[in-house]
Amino acid sequence: MEQDQAAASAWAALASANRIVVKIGTATIARPKGTPNRLTVSLAPESTDTGRGGVDTEYIYRVAAQFADLVKAGKQLILVTSGAIGMGARELGLTKHVTEVRMRQVCAAIGQPILMEEYRAAFGVFGLTAAQLLVTRDAWDDRASYLNLRATVETLLGNRVIPVFNENDCVSTAEIGNAFGDNDRLSAYIASKIDAELLIILSDVECLYDSDPRENPDAKPIPYVRELTGEHLAAAGGRGSEFSTGGMKTKLAAVAIARDAGCRVVIAHGRESRVIARVAAGERLGTLFDAAHALKNRVRWLKNSQPKGRLTIDSGALAAIREHNSLLPRGVTAVEGDFGRSSVVLVNESAKILSNFSSAELAAVMGKKSEEIEAILGKGSPHVVARPEDTAFLDE
Ligand code: GLU
């Protein structure tokens, strides 16, 4: 009963979401292999569609039409597109899933302008301008870059331009952990950073099921999730289709990130008729994941940043920072990694802090009392590793 009421009010709230991020997966953007591009065919009947690139132009137009209606209604829309690698691969005539990193980067470099050409054309028909934003993980981890990025997005939105995001796959190197790796998570980071109220993830899955529908024909759809639990995570299958990197697991990871930002997430089938408009109007489609109480911006930034090193601290220090006290060098028992001052560092696998000390400084002062620090590091050196406002617990 209580769950029903919570679900009803969550759905009703979707209609008042002003800032909406829409993520579209590769399988949704691509037209089925061997099928002609209907728009090209109907506009120029004698044209021979070569199938290059493989974007379903008509689908992109339908997306643009829905965006235009929502913008007209005063909403701010952000698009996160996948498909650069997939469309690049099709352009090159590759038929198999591209796994080699270098080749994925090559395909992304080819496919990204193909996507943008489509978005520019389609949005243009409805009087909208599309802007391209290619981002990598470091733009998020470095606070100055992140603030620049956020200012750019705000200004684009203020000018009624549609920001179209993708990962900058050509410079992201998944092997060294410098990549988002999948656009589900990227879309959630974006939603979180720009305080979106709704994230719509469109792909070739309709919703969350209570077990993997590819393995269990009796799998039941779950229309509303108030709180993400281990059961949901266990029920989510593995990877998604052909050229995409996502799957239900990455979608649920995205949900967890968006939740912390107070952003609701709807996962729905991208080919459902007028799916964006209907979800944004509060219609019950797919699975709606309710939001948690939004964490403070700084805490979210810390939680979502890649740590540059690790600290081990003793149980007394851990209890102290749980109680919102500062972390002092005295409680630190080990330092790993090579990081500078003001780096995000993982503490006992359970919290992230912004460290006032570099790794070398910490190695020199760990276990020492506050009054001994200046003698070791010199006058004016910090005394505190991290203050409570620079500490975020991962389970918070
Ligand atoms: N950035 C990748 C692309 O444009 C997509 C990653 C994903 O599928 O999530 O192809």
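Read the numbers this way: they start at 1 and go in the same order the structure lists the ligands and their atoms.
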Q: Please determine which of V345, V365, L311 meets the side-chain contact (heavy atoms from CB on, under 4.5 Å) test together with F357.
A: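 Of the listed options, the one satisfying the test is V365.
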(Q) Give the atom numbers and elements of ligand 1 that come within less than 4.0 Å of a heavy atom of D169. (A)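 Those atoms are 1 (N), 2 (C), 3 (C), 4 (O).
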Q. For ligand 1, which atoms have a heavy atom of D182 less than 4.0 angstrom away?
A.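 Numbered from 1, ligand 1 contributes 9 (O).
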Q) Below 6.0 angstrom between ring centroids: does that apply to F123 and F67? A)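 Here the rings of F67 and F123 have centres that are less than 6.0 Å from each other.
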Polar proximity ligand 1 side, [X] side, N/O cut 3.5 Å exclusive:
X	result
I85	yes
T81	no
N183	yes

Q: Give a yes/no verdict on whether any heavy atom in A108 is under 4.0 Å from an atom of ligand 1.
A: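 Distance cut 4.0 Å: A108 fails for ligand 1.
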Q: Say whether, by atom type as modelled, one donor and one acceptor occur between the side chain of D182 and the main chain of D184 under 3.5 angstrom.
A: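 Yes: the side chain of D182 pairs with the backbone of D184.
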Only pairs under 3.5 Å count here: list side-chain donor-acceptor contacts from residues 373-387, not counting sequence neighbours, and write none if there are none.
from	atom 1	to	atom 2	distance (Å)
E374	OE2	G380	N	3.4
S381	OG	G378	O	3.2

**Q.** salt bridge (charged side-chain N to carboxylate O under 4.0 Å, His left out) partners of D338, counting only residues at least two apart
**A.**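 D338: no salt bridge (charged side-chain N to carboxylate O under 4.0 Å, His left out) contacts found.
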